[in-house]
Every structure is written in structure tokens, then in C-alpha cells.
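Read the structure below first, then the notes.
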Amino acid sequence: MRVLRYHPLLLGLLLAAGPAALAQKTKVKVKKTAASAAPAPAPAADLEPRITALLGQMTLEEKIGQLNQYSGREVTGPASNRKTDLLNSIRAGQVGSMLNVKGVADTRLIQAEALKSRLKIPLLFSLDVIHGYQTVFPIPLAEAASWDLAAIRESAHVAAREAAASGIHWTFAPMVDVGRDPRWGRVMEGAGEDTYLGSLIAKARVLGFQGEKLGGTDAIMACAKHFAAYGAAIAGREYNAVDVSEQQLWQTYLPPFKAAADAGVATFMNSFNTLNGVPATGNRYLQRDILKGQWQYPGFVVSDWGSIGEMVPWGYATDKADAARKALAAGSDMDMESDSYHTTLAQSIQAGKADMALLDDAVRRILRKKFELGLFDDPYRFSDEKREKQVLSDPQHRVAARDVARKSMVLLRNDNATLPLAAPRRIALVGPLAKAKRDLAGSWVVLADTAQITSVYEGLSKRAGKTAQVRYAKGCEVQGDSRAGFAAAVEAAQASDVVVLCVGETWDMSGESKSRTDIGLPGVQNELFQTLKATGKPVVVVLMAGRPLVFNQIADQADAIVYAWWPGAEGGNALADVLFGDYNPSGKLPSTFPRSVGQIPISYQLYNTGRPVTKPGDIRYKSAYIDSPNTPRYAFGHGLSYTSFKYDGLRLSQPTLTAGQAVQVQCTVTNTGKVAGEEVVQLYLRDLVASVARPLKELKDFQKISLKPGETKTLTFTIDKDKLAFYNAKLEWVAEPGDFQLMIGSASDDIRLESKLTLQ
Ligand code: BGC
């Protein structure tokens, strides 16, 4: 159970922001918190002697204590044996960090216990602040659909600002796992299927959480997780094995981690999966050779929950002692909740079976972060009651949440300009998610206070005001087979001009441990759609979910479709902005939407194969299915607007790229419609012949631009050798001479401009 207790003090502090605050081109920037009264942390260079001096005073048990992380729910809960044990361990200096403790009051209380220990080393308080702390933002996958790096960074900044005011030092985010299997419930936590987009988002999120440098009281440590390739769990089944080639590992799965490391991410988390047979937690190649070796990563690595101990059931370690030795040797610095280091490492070291130098290295890495955060100067600098009150009630945070929520929504279809809804209108608002609140927050919320969530019903009714009439009917539940509500839904539809149908997944159907084999719409929701469609009224379908779903009938027959994901606290208002045209949708899919589960795993990075399908239907002895097209339902990068864009004037500064040079690629984009809008202009490349077969398309650059009606902008992209490079069979990053196809378009399946480019 990951949902935490709500802090009663924080109830009802937030204000909803009105639509006036949100002009089309809103750039939300939440102010920085004024420096706390505590002194700023010492410069990095001065820390090493302090770390060395402290390490020199530590006993073996105290060193191991720093590597030990426990969940703290019990400490703040009612008296229990575990509570007593935990408090004793903290006072004895046997705990380095706690997770799942939050709020100024609780963190102060527990920090005070740590300061009773012999060396008074402060604890690190950590939490899964995945998409907001007090203010719930859209789920990470939704935000990725905005392709708006500034808005994504701002979302992480707001979350950090709130968490840091509430005693938290460290979030277990961002998840930077590339995910190409929507059966895997955790796709909701990442940035989708693409390595390039995912790497930019990883960087934006790290900078959002941490700021430029740790030490500010509005920044917390970020954690790049789950190292590595967790997104490739076989068959999309949670916690499963991963088997990927070295080339795929380097080409597809590692770059977002490298981007996070380059952005200065303070910590990494390893993962539950094996990678080609070796559990990631005990994987020396990943953690010692690549991360701490080749990448020279200075931060520390935390295990995933219990994952050191889980190497025993994996059949990789005989017992906890063996698992602890293997994890330490492999570079796993902190043990989250498996109690393996705490209970066995001292003996292993005394018996000469584990290396003291590795232990010291792990301790140094953890202490360094405590110093960088300024905790040795003031262990309570993140636990300030006044700041907590002030920051958690900042109305600007709701503005930021609404901004990114509406940018995250993807208009998948819009026949006959059904949207935006013209006023005055009679609207039938139907569906199990129309009045839902908790579901809009999605999985992984810290303070699941439904009072702060704006439902679609509330958002729409408020926006409609007197100009439109909203008739509500639930229709059915998300799950279950009762059709008892269909009649009322039909009645509402018949008395209205348009139907807005809100269907999808409940908040607990995607996320950790929520793999599904059938990713269709649950229950009788599709039937409800068909019943409403049969009334002859135009039906706008709003889908809310934590993953790409399969919904073929809706895709074929709905008049308009908005994919709203789980949009967070401002979801209802953001959706009203989109449906009424106060905001012109600009989201683009960060994940391919398959036609069926049978196409999974799926991404736009297909291979031509030796037997490509060249004409639709011509599939005999071709790389195809006999019961489905190869193409997805909706392609990566797809997303419509209320306006239209014309692409023109592709020009390369030179057709050939020679050593050390870069080619400037220019094109123009014109808004040919009647309303202002934003477009994500996407640049793809294909290496036509190479020493290993390369995909048909790879995203290499994009720009999100805003255009008034009739306005034209000229865009410039730079293609250098690095953009043409890939990992060859020897795992060298090379750009091989030859021809490349350059494509610019509005989606991966909507290429508007093409050219050839040659590398000499
Ligand atoms: C998840 C991590 C999470 C941790 C702590 C694990 O089950 O895999 O992503 O950070 O729990 O809550």
C-alpha cells in the first residue's frame, strides 16, 4: 500500500485558479523559496576533509547503519514492536535514511532521535514524490505528452518545493525507464517509449527537483530509477526478468540514465528485474563498470524495496548474507528495507568475505549527500513549520498543475469540428469517471485528498456557467457488468446536443504491480459508448487512464476523442479548457497505441525487415500479421489541434556532412487555421545502410512552437555527427558514412517534408 496518510493540518488550504489566469501561452514560473534562516551548505570542495574525518570516527556498525534504510510508517503510528525496534536502531546510529515519513512534525520528531546517536549523523527522509506532493500533477506519462520541457521541469520544481518544505530531502523520481509494453502498469510513471524524448525529460525532471545544485531549501535530491531496463520486463509482467541485447541496452535503455547522471542526479535506484540473467541489484556490470566506472558517477545507489533480499528467491544468492555481499560488491550502496546489510555485513567483513574499502566508499557517497544538503549544518533545515504552511498553500502551484494538465491532453480525433464545444449548448456528461476525483489523481499520490481534486463535472459545470446546461448520468461503473444506468444515460443524451463520455481506468489499474493482459476498456464502458452512439448524438469520448488502452470501436466511431490520462488535481478545469477551446490542444503521444495486445511490444522504431509490406493487404510471405495491419492504432507523436499547420520550405545548408561540420536544416511552419495553436515539429532520421540494421525512423530533434492564425515561423535544426551515430556491434558509438533519410513532420506517421543527407 503506497498511499500515505493525509496530514490533517494541510486540509483545505488550496485555491483553484480561474481560467483568466491561464492565457493560451501561459509560462508558469513558481517563485523560488526565500533562503531559510539556516546557513547555506559548504562548497563541495570543503566537504571531503569533513567526510574523511567523520568516517574516521565511525565504528563498523555505524558505517553499516548509514547504508540502512527503513520505512518509517510504524514510527509515527501506534506503539508496536517494530516501532520500538526502529527507534532503538535510529538512536544507535544504525539507520541512515527513512522512507515514507513526511511532514514537518513527524520528520522533526524522528530527526531528533537520530541526533541522540553517538555521532549525531542526520537521517535522510525520502519519499515517492512522483507527480506532485500536496498539489497533484498529471501522471508522468501524461506530462511527457506535452513535449514541453519547461512545463515538465516546473512540475518537478513545484513538487520539490512542497516536499522540501515538508521535511523531505529526497524523492524516488524520476523513473526514466523506457517502456514499450503498455501491459506493464508502470508505463504511467515514465516518459513513454522514446529514448531521445525520454532523455530530455529525464534531464528536465532532475533539474526541476534539484535545481542547478543541491542545497537550496526548495530543492530535493532526485533518483534516476530503475537501473536498468526494468521497462523491458518479459511479457509486461511486473518484477519479471529482462533479456535484451547489449546493443538494445546501450541504444535504447541506458541513455535516459546517462542524461540524468549528466544533469547531476544525486542518486540512482537499481531494480527488481534481472538483466540477462543477473539481478540488477547485484549487477556489477551495470553499477560498478558502467555507472561508477565509465560514467564516473559520484552519487549513491539505493536498492529497490527489498531487492537485495529478493536475490535469494531469484536463485542468485543462497541467503541474505550472500545477497548482501553480492549487492555491496556490485555497487548497491543503500539497502531499502531488506535488512540484509544491517543483519549480515558486519560478520562478512570481519570474516574477510566482504571488502571494507567498498563499505567505506558507499558510506562516503551517502555522507557526501547529507553534507551537500546542508544537514550537518542544520538537520532541521527542511522541517520548518512556517515554510511548510506557506508553501503548501501557494495558489501558483494549482496554476502550474492546470497548465501542464491541459498541455498533456491529446486530441486523437475530431470529426466535423465536434470540438471545441460551441456555446450555448446542452451537454450530457456521462460515464463512471465524469464525477470521479480520486481516479484523476492516478497512482502514486502522496496526499490523496480528494477534496483538492477538481472533477470533470465540476470543471465543466463551472466553465459552462449559464451558457450551457450540463446533464449528468453515470451510466455504469469502470468495472463490473451492470447496465442499469444505461437508460438514464440515453435519456440525458437525448435531451442534449452533445455527449461527453468519460471512461477509462480507475486509479489503481495502472502503476506498480498493475500489469494487465487485456488493456481494453474495462467492464461495460465500451457498450455504454455504443449505446450512446446509437442515439445519433455526437459523442466526445474522454479517456482517462495510466497507460495506452485499446479502444478500437471508439477510435472508429467517436466524433471526437481526447486522451486526458490521469490529469491530476486540476484535471477537470484543464479538460474544460480543452473542450471549450480556451486552450487549443497541443499534446502528442509519447507512446504508440496498439490495435491489440498482440502487437505488443510496440514502438514507432520499426525495422524495414527483408520482407516489408509495400502495399496494404499484400502480406503473403511478408513481415506481417494475417489478422491485423502492422500499423498501430495511433502512432507515436500523433496529436491533433483545433487549427491546421502547413509545413514548407525544407532547406539544408549543405547536402553533405563532412568531418567536424554540422548541417543546418530549415523549414517553415504556417498556421493555416482560424485559431492560435501550438505544434510539435518532429525531426526523424533513418540510416539507410549501416553495419547493423537501423530502424525506419528515430526521433532526433523537435521544437514546440506557438503560431497565431496565418503566422509563419522558420525553424532551424542542427544535425551533427552525433545525431547520426548509433552503437555498432562492438558497442562503439559511431556515425558511419553513407546516406540518411531526413524527415520532418507532425507525427511519426505524418511526415510532411523529406530530404536526403549524406555523411562523408
Ligand atoms: C518501487 C520503487 C519505489 C519504492 C519505494 C518500490 O516497490 O519499485 O519505484 O521507489 O518501492 O516506495
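All ligand and atom numbering here is 1-based and tracks the order in the structure.
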Q) Within 45° of the axis and under 6.0 Å from the centre of the six-membered ring of Phe300, does NZ or CZ of Lys369 qualify? A)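 No, Lys369 and Phe300 do not form such a contact.
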Q: Kindly indicate whether a cation-pi arrangement holds for Lys320 with Trp314, taking the cut-offs as under 6.0 Å to the six-membered ring centre and within 45° of the axis.
A: no
Going by the order shown, which atoms of ligand 1 are within less than 4.0 Å of some heavy atom of [X]?
X: His226; value: 2 (C), 8 (O), 9 (O)
X: Phe172; value: 10 (O)
X: Lys225; value: 2 (C), 3 (C), 9 (O), 10 (O)
X: Phe272; value: 6 (C), 7 (O), 8 (O)
X: Asp304; value: 1 (C), 2 (C), 3 (C), 4 (C), 6 (C), 7 (O), 8 (O), 11 (O)
X: Trp305; value: 6 (C), 7 (O), 11 (O)

**Q.** Leu99, portion touching ligand 1 at heavy-atom distance under 4.0 Å
**A.** side chain
(Q) Check Glu74 with Arg82, please: is the shortest side-chain N to carboxylate O separation under 4.0 Å? (A)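 Result for this pair is yes, salt bridge flagged.
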(Q) Check the orientation of His169 and Phe125. Use parallel for under 30°, tilted for 30 to 60°, and perpendicular for over 60°. (A)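 The arrangement is tilted - the two ring planes meet at 30° to 60°.
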Q) So which pairs with a foot in residues 179-222 pass ring pair (Phe, Tyr, Trp, His ring centres under 6.0 Å), sequence neighbours left out? A)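 Checked against ring pair (Phe, Tyr, Trp, His ring centres under 6.0 Å) - neighbours excluded - the pairs reaching residues 179-222 are Trp184-Tyr230.
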(Q) For Arg186, state whether at least one heavy atom is located under 4.0 Å from any atom of ligand 1. (A) yes
Q. Out of Met175, Glu189, Glu512, Gln69, who gets a non-hydrogen atom closest to atom 7 (O) of ligand 1?
A. Glu512
Q) Which option out of Val302, Leu127, Asp128, Ile130 puts a heavy atom nearest to atom 3 (C) of ligand 1? A) Asp128
**Q.** Test salt bridge (charged side-chain N to carboxylate O under 4.0 Å, His left out) applied to Asp177 - qualifying residues, sequence neighbours left out
**A.**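 Here no residue qualifies.
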Q. Do the side chain of Arg547 and the main chain of Arg186 share a donor and acceptor less than 3.5 angstrom apart?
A.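 It does not hold such a pair.
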